[in-house]
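Each chain gets a letter, A, B and so on, in the order the sequences are listed, and its residues count up from 1.
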Amino acid sequence: MPELPEVEVVRRGLERWVSGRVIAHAEVLHPRAIRRHVPGAEEFSSRLKGRTIGSAERRGKYLWLPLDGSDAILAHLGMSGQLLVVEPGSAPERHLRVRIGFTDGGPDLRFVDQRTFGHVLVTAMAHSGGRPVPEPITHIAADPFEEHFDEDLFGRRLRARQTEVKRALLDQSLISGVGNIYADEALWRARLHGARPTGALTRPKIAELLGAAREVMAAALSEGGTSFDSLYVNVNGESGYFDRSLAVYGRRDEPCPRCGAPIIRESFMNRSSYSCPRCQPRPRRAGA
DNA sequence: CCTTTCACCTGTATGC
DNA sequence: TGCATACAGGTGAAAG
């Protein structure tokens, strides 16, 4: 379940191992993996052949590899997607979807995705949120680590929403990069229940929540995004997400690290929410 | 226009 | 043992 910190680790790995190299061939092994590439698999392959990859970029959970010219390879890992850097002759992974080989004979870039929620495509660039981004993600808001992230704008738009605060945190058109895990962690740090209505949040509380989101994701990143000298440990050695910075997620019945009350799990939007019933009391009704 | 729900996927864990 | 069910949950289309 890659969220911003996990995707940033992948971006750094791509920067280290793929940027600057020339594509020799690209092969699509599962059509669903390129379902957002409208011209289809053949065009995907022919368009990539001979292209040089630039510096890896990211917004929220999307990452892209600019190509010489004015387009880019855009990728989203979905729930189970991985971008692996592996020896070109090595056996195909069980869920290998796209394979990109290089003219230097060095390691392949492979998109492996068990559940095929992720996807890869080649697209033109556009402009959004103060910088160039691939055209299909112009509706994705800046993430809180971007230089041009507008904190006042975020606060105004959040308070204007007629919804609950956790829904808003997960809305990638309002703030990007936050998924279910770090949403729960940020809410815990800010002592907010996810069902609190956005309209009733004070500006200081919103600033606290945003700061909490930044802190927990930065902590996760510092655990997972250290050195990239070793290909296999840092680029491919997933370890999933970064457990040690998690206070509530997946910890039902364990003591709250702050007050000791047992963490509870609630069902929400067809998924799990974890919180401390004492630090984060559920609002009684709208406005609480 | 804004908000909510649902389909898309498959491996793993759990219950009967 | 085998079968059925729940669960993991990000995204965008569809529905409300």
Practice task
Looking at every strand, decide which applies to A/Arg36 at a 4.0 Å heavy-atom threshold: base, sugar-phosphate, or nothing.
Solution key: sugar-phosphate
Handout entry: Over 12 non-hydrogen atoms of neighbours within 6.0 angstrom of CZ in A/Arg265
Key = yes
Practice task
Using whole Å, report how far CD1 of A/Ile137 lies from C1' of C/dG10.
Solution key: 14 Å
Exercise for the section: Check whether NZ of the Lys or CZ of the Arg A/Arg21 lies under 6.0 Å from the centre of the six-membered ring of A/Phe102 and within 45 degrees of that ring's axis. Expected result: yes
Exercise for the section: Choose from C/dT11, C/dG10, C/dA8 the nucleotide whose nearest atom is closest to any side-chain atom of A/Gln172. Expected result: C/dT11
Practice task
To the nearest Å, give me how far apart CD1 (A/Ile175) and P (C/dG10) are.
Solution key: 14 Å
Handout entry: Side-chain ion pair, A/Arg189 and A/Glu215, N-O less than 4.0 Å
Key = yes
Exercise for the section: Looking at every strand, decide which applies to A/Ser80 at a 4.0 Å heavy-atom threshold: base, sugar-phosphate, or nothing. Expected result: nothing
Exercise for the section: Salt-bridge test for A/Asp113 and A/Arg97: reply yes if a basic N is under 4.0 Å from a carboxylate O, no otherwise. Expected result: no
Practice task
Report the distance from atom CG of A/Asn180 to atom C1' of C/dC7, rounded to the nearest whole Å.
Solution key: 12 Å
Practice task
Remember a base hit wins even if backbone is also touched, and classify A/Phe268 as base, sugar-phosphate or nothing at under 4.0 Å, heavy atoms.
Solution key: nothing
Exercise for the section: Could you encode protein contacts along nucleotides 2-12 of chain B as a string, one character per nucleotide from 5' to 3', using B for base contact, S for sugar-phosphate-only contact and - for no contact, with a heavy-atom cut-off of under 4.0 Å? Expected result: -SSS--BBBS-
Practice task
Would you mind reading off the bend of the helix from B/dC2-C/dG16 to B/dC16-C/dG2 from its two end axes, five pairs each, to 10 degrees?
Solution key: 60°
Handout entry: d(CZ, A/Arg35; P, C/dG12) in whole Å
Key = 10 Å
Completion exercise
A/Ile181 CD1 to C/dG10 C1', in whole Å, measures 12 Å
Problem - Salt bridge present between A/Glu15 and A/Arg12 (N-O < 4.0 angstrom) - result: no
Practice task
Verify the contact: side-chain N or O of A/Tyr182 to OP1 or OP2 of C/dG10, cut-off strictly under 4.0 Å; return yes or no.
Solution key: no
Exercise for the section: Measure from CG on A/Asp171 to C1' on C/dT11 and round the result to the nearest Å. Expected result: 11 Å
Handout entry: Side-chain N or O of A/His139 closer than 4.0 Å to phosphate OP1/OP2 of C/dG12
Key = yes
Handout entry: Spacing between A/Lys166 atom NZ and C/dG10 atom C1', to the nearest angstrom
Key = 13 Å
Handout entry: Gap separating the CD atom of A/Glu135 from the CG atom of A/Leu121, nearest 0.5 angstrom
Key = 9.5 Å
Exercise for the section: State yes or no: do A/Trp64 and A/Val9 share one hydrophobic cluster built from I, L, V, M, F, W and Y residues joined by side-chain heavy-atom distances below 4.5 Å, directly or via other members? Expected result: no
Exercise for the section: Please report, rounded to the nearest Å, how far the C1' atom of C/dG12 is from the CG atom of A/Leu174. Expected result: 17 Å
Practice task
Flag this pair as yes if the NZ/CZ of A/Arg258 is under 6.0 angstrom from the six-membered ring centre of A/Trp188 and inside a 45 degree cone about the axis; otherwise no.
Solution key: yes
Fill in the blank from the handout: CD1 of A/Ile100 to CZ of A/Arg110, rounded to nearest 0.5 Å, is 11.5 Å
